Amino acid sequence: MEFKIDLKTPEAQFALELIQFAAELSCRIRNETSVKSIIKPDHSPVTLADMGIQAIAGALMEQYLPEAVLVAEEDADYLQTPEGADDLEKVTGYVHSFLPHARPGRVAQWINLGRGKPCGSFWTLDPIDGTKGFLRGGQYVTALALIRDGQVVMAALGCPELEFQAHKALGKGVGTFAVRGRGCWGFSLDDIEDPKRWVRLEVSKCSMMNEARVLDSFETGHRVDGKTQRVREILGIQQSPIMMDSLAKQVVLASGGAEIFFRALSAKNPGRREKIWDVAAGALAVEEAGGRVTDLEGRELDFGAGITLARNPGLVATNGFLHESVLHALREAGKS
Ligand code: AMP
Ligand code: MG
């Protein structure tokens, strides 16, 4: 496929500049001696890197796309409390090195630009997906997607700790950029400007289930082990799953490094639905690389149902060739 993406549009500039800044900031914070994490009301952790990246996203959006709507994972509530004041100063310090006009009040406003409501056309951002991976030295990504009429139309993922197995020359620290109908492309986060050095990403052509590589969450709390094991048995998959945090799993799938990822529903929480920022960018990357992404029932994902995929239970992403078999195995496992 020929490269037919205009990188001069404000949308592309916003997305690519953001994932570069995000990678630089997150790597800098991770190299510090200790990374502070704050526990959110839903018991998940957030770091100053998440806040800093979301602030940069708000500022760049103001610059490139002042009319746009952003629906992002974090908010500035904690930073605006008296206990959060020192941390707001710290986040401002980080953001300042990218945006010299950063001041604490502006930084809080930029973060809160992410409080937009899903509408006909909007962006969704997870500043750091896989925060637990980020804290542990594992994989994490910055994930940004543009949604129009319930469909993802553009997606950028920055993966500072990931390498493409099929494109090792790009080194560690890669990104992907996908535009609906125009392919999914990969690049080094250190060398993003010239698309001549980008590579077209393609899913694996593996159609033999016994050779398939399955991805799963590193975090035990995010896995549904019993059902996953049962699905692997039904499919006759021998190899143990590749455990990895974040949407890096979808990037591995899009670049041909594995064939299957699914998130089943646990018996304890069958009503759980994915947040749009945890899925959107990875879904377009996989589809534009030639793969398939659906819910557990084989239905297309509908990103027009609010901040969760309310109409789509679970998630199945594959290289396409193996998709129907995985759906069938999930149905069978559901009966047992
Ligand atoms: P993972 O694939 O484990 O890196 O998870 C990706 C994202 O999904 C993270 O943002 C998690 O917060 C979220 N997530 C996945 N599974 C669960 C779960 N069972 N409960 C809560 N959050 C989850
Ligand atoms: Mg997330």
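All values derive from a computational prediction rather than experimental measurement. Each residue takes its place number in the sequence, starting with 1. As the structure lists them, so they are numbered: ligands from 1, and atoms in each ligand from 1.
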Go through ligand 1 atom by atom and flag the ones less than 4.0 Å from a non-hydrogen atom of D129. 6 (C), 7 (C), 9 (C), 10 (O)
Would you kindly specify which portion of K249 sits under 4.0 Å from ligand 1, judged on non-hydrogen atoms: side chain, backbone, both or neither? side chain
Hydrogens and angles aside, do E24 and Q20 bring a side-chain donor and acceptor to less than 3.5 Å of each other? no
Going by heavy atoms, is R263 under 4.0 Å from ligand 1? yes
Are any of the N or O atoms of R272 closer than 3.5 Å to those of ligand 1? yes
Sidechain N-carboxylate O distance under 4.0 Å for E73, K275: no
Counting from 1 in the order shown, the ligand 1 atoms closer than 4.0 Å to a non-hydrogen atom of S217 are 1 (P), 2 (O), 3 (O)
One pair to check against ring-ring contact (aromatic ring centres under 6.0 Å, His included): F187 and W198. What are the steps and the verdict? CA-CA 5 Å; F187 43 77; W198 289 23; 4.5 Å; yes
Hey, does S246 come in under 3.5 Å of ligand 1, counting only N/O atoms on both sides? yes
Can you tell me if Y140 and S26 form a side-chain donor-acceptor pair at under 3.5 Å? yes
Check whether any heavy atom of G133 sits under 4.0 Å from an atom of ligand 1. no
Between ligand 1 and D126, is the shortest N or O to N or O distance under 3.5 Å? no
Please identify which of these residues, F21, F98, W110, meets the side-chain contact (heavy atoms from CB on, under 4.5 Å) condition with L60. F21
Which residue in the set H222, R136, K132 passes side chain to side chain donor-acceptor pair (under 3.5 Å) when paired with D245? R136
Does an N or O from D245, backbone or side chain, lie closer than 3.5 Å to an N or O of ligand 1? no
Looking at E32 and K90, does any basic side-chain N land under 4.0 Å from a carboxylate oxygen? no
Heavy-atom nearest neighbour of atom 3 (O) of ligand 1 within options H222, M244, K268: H222
